[in-house]
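A short write-up of the structure that comes next.
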Amino acid sequence: MKDFLLILGIIAHFVLIGADIFGQIVISPVVLSAPPASLAIFQGEYAYNSTVFWQPANMVALALLIVALIANWNTPRRALLVGWFVGSVAITVISLGFIFPEYGAIVSTPFDSLVDPALVQRGADWRLIAFSRMIAFLGVGLLPLYALTRPKTV
């Protein structure tokens with residue numbers, strides 16, 4: 001059961017990474033290429049809104065991480081899983097404090113057919129920070145994978 005719960009937490013973590021990679025490769029390059037003209041996908045009655053995925057997915061991943069940590073508390077895996085928890089929470093707090101609000105501010109800019117060079121630069125800066133966040137989250141995700149190689153008992 002300890003392995004199973006840990007594997008579920010790992011799957012949830014890497015689903016978030018996969019979604020982030022999708023956003024970094026497919027969504028961001030297009031919508032941040034020439035804002036506000038390129039922000040049309042976020043405008044109107046049928047606007048794209050990934051929040052319906054990100055909010056519940058993050059909560060499910062965090063819950064599974066906590067359950068895996070509790071299940072493996074009295075094992076040699078504990079230190080790695082505490083690192084996973086602390087790293088994930090720290091990255092999420094930083095993301096909620098700056099990365100996600102900045103993205104929201106950029107994409108909520110009213111549509112205009114003109115390109116705003118300052119907004120293009122702001123989007124490029126955001127992409128660099130978001131990419132760094134994704135790499136850090138990927139790195140933190142390696143901790144529970146390594147923990148799986150550790151014994152379940154002392």
Side-chain angles (χ1 to χ4, degrees), residues 3-70 72 77 80-149:
D3 285 347
F4 179 71
L5 293 171
L6 182 52
I7 289 168
L8 286 178
I10 292 168
I11 289 169
H13 188 94
F14 280 91
V15 164
L16 293 179
I17 291 170
D20 198 8
I21 291 170
F22 173 80
Q24 294 286 332
I25 293 173
V26 176
I27 304 292
S28 295
V30 174
V31 301
L32 298 175
S33 63
S38 60
L39 298 175
I41 192 172
F42 297 107
Q43 310 293 323
E45 187 178 351
Y46 302 103
Y48 175 75
N49 179 7
S50 62
T51 304
V52 296
F53 165 77
W54 284 106
Q55 284 181 344
N58 273 303
M59 293 301 103
V60 167
L62 181 60
L64 288 170
L65 185 159
I66 291 169
V67 168
L69 177 60
I70 291 168
N72 286 275
R77 300 172 171 175
L80 291 166
L81 299 184
V82 167
W84 178 34
F85 175 77
V86 169
S88 294
V89 169
I91 291 167
T92 300
V93 167
I94 291 167
S95 299
L96 290 172
F98 174 73
I99 296 171
F100 299 149
E102 176 66 2
Y103 184 72
I106 293 169
V107 302
S108 65
T109 303
F111 178 79
D112 191 344
S113 60
L114 300 175
V115 176
D116 179 351
L119 201 54
V120 171
Q121 184 58 51
R122 199 168 150 194
D125 293 344
W126 178 88
R127 287 190 66 206
L128 181 62
I129 292 167
F131 182 77
S132 300
R133 175 211 176 273
M134 181 185 69
I135 295 302
F137 201 60
L138 177 62
V140 167
L142 297 177
L143 294 173
L145 288 173
Y146 180 64
L148 271 176
T149 68

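Computed from a prediction, not measured in an experiment: that's the story for all the values here.
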- Query: What pairs of residues pass the side-chain hydrogen bond (donor to acceptor under 3.5 Å, both in side chains) test when at least one of them lies in residues 15-35, not counting sequence neighbours?
  - Reply: Asp20-Arg133
- Message: With side-chain contact (heavy atoms from CB on, under 4.5 Å) as the criterion, how do Ile106 and Leu32 come out once you've worked through the C-alpha distance, each side chain's angles and the decisive distance to 0.1 Å?
- Response: CA-CA 9 Å; Ile106 293 169; Leu32 298 175; 3.6 Å; yes
- Keeping to residues at least two apart or across chains, list the salt bridge (charged side-chain N to carboxylate O under 4.0 Å, His left out) pairs with something in residues 87-115. Glu102-Arg122
- Message: Show, in sequence, the C-alpha distance, side-chain angles and deciding distance for Asn49 and Phe42, and conclude whether the side-chain contact (heavy atoms from CB on, under 4.5 Å) test is met.
- Response: CA-CA 7 Å; Asn49 179 7; Phe42 297 107; over 6 Å; no
- Message: Distance check, rounded to the nearest 0.5 Å: Ser50 atom OG versus Ile27 atom CD1?
- Response: 8.0 Å
- Kindly check if the number of other-residue, nucleotide or ligand heavy atoms within 6.0 Å of OH (Tyr146) is above 12? no
- Item | Any donor-acceptor pair under 3.5 Å from Arg77 side chain to Ala147 backbone | yes
- With sequence neighbours left out, which residue pairs that include part of residues 102-145 fulfil the ring pair (Phe, Tyr, Trp, His ring centres under 6.0 Å) condition? His13-Phe137, Tyr103-Trp126
- Note on the structure: The ring pair (Phe, Tyr, Trp, His ring centres under 6.0 Å) partners of Phe14 (sequence neighbours excluded) come to none
- Message: Give me the atom names and distance for the closest heavy-atom approach of Leu119 to Pro36.
- Response: CD2-N, 4.0 Å
- Donor-acceptor under 3.5 Å (Ser88 side chain, Phe85 main chain): no
- Heavy-atom distance under 4.5 Å between the side chains of Val31 and Tyr48, does that happen here? no
- Message: If I take atom CZ from residue Arg127 and atom OG from residue Ser132, how far apart are they, to the nearest 0.5 angstrom?
- Response: 12.0 Å
- Starting at CG of Leu145, measure out to CG of Leu80 and round the result to the nearest 0.5 Å. 10.5 Å
- Query: Taking all non-hydrogen atoms of both residues, which atom of Ala68 and which atom of Leu81 are closest, and how far apart?
  - Reply: O-CD1, 4.0 Å
- Query: Where do Ile17 and Leu138 come nearest, in terms of heavy atoms and distance?
  - Reply: CD1-CA, 3.6 Å
- Assess whether side-chain contact (heavy atoms from CB on, under 4.5 Å) is satisfied between Leu69 and Trp84, documenting all intermediate values. CA-CA 9 Å; Leu69 177 60; Trp84 178 34; over 6 Å; no
Let me check something: any side-chain donor-acceptor pairs from residues 5-12 under 3.5 Å, sequence neighbours excluded? List them with distances.
none

- Message: Suppose we screen for side-chain hydrogen bond (donor to acceptor under 3.5 Å, both in side chains). Which residues come up paired with Ser113, at least two apart in sequence or across chains?
- Response: none
- How far apart are the closest heavy atoms of Ala34 and Val120, and which atoms are they? CA-CG2, 4.1 Å
- Sole candidate of Thr92, Val93, Ile94 that passes side chain to side chain contact (heavy atoms under 4.5 Å, CB included) when paired with Leu96: Thr92
- Quick one: CE on Met134 to CD1 on Ile99, what's the gap to the nearest 0.5 Å? 11.5 Å
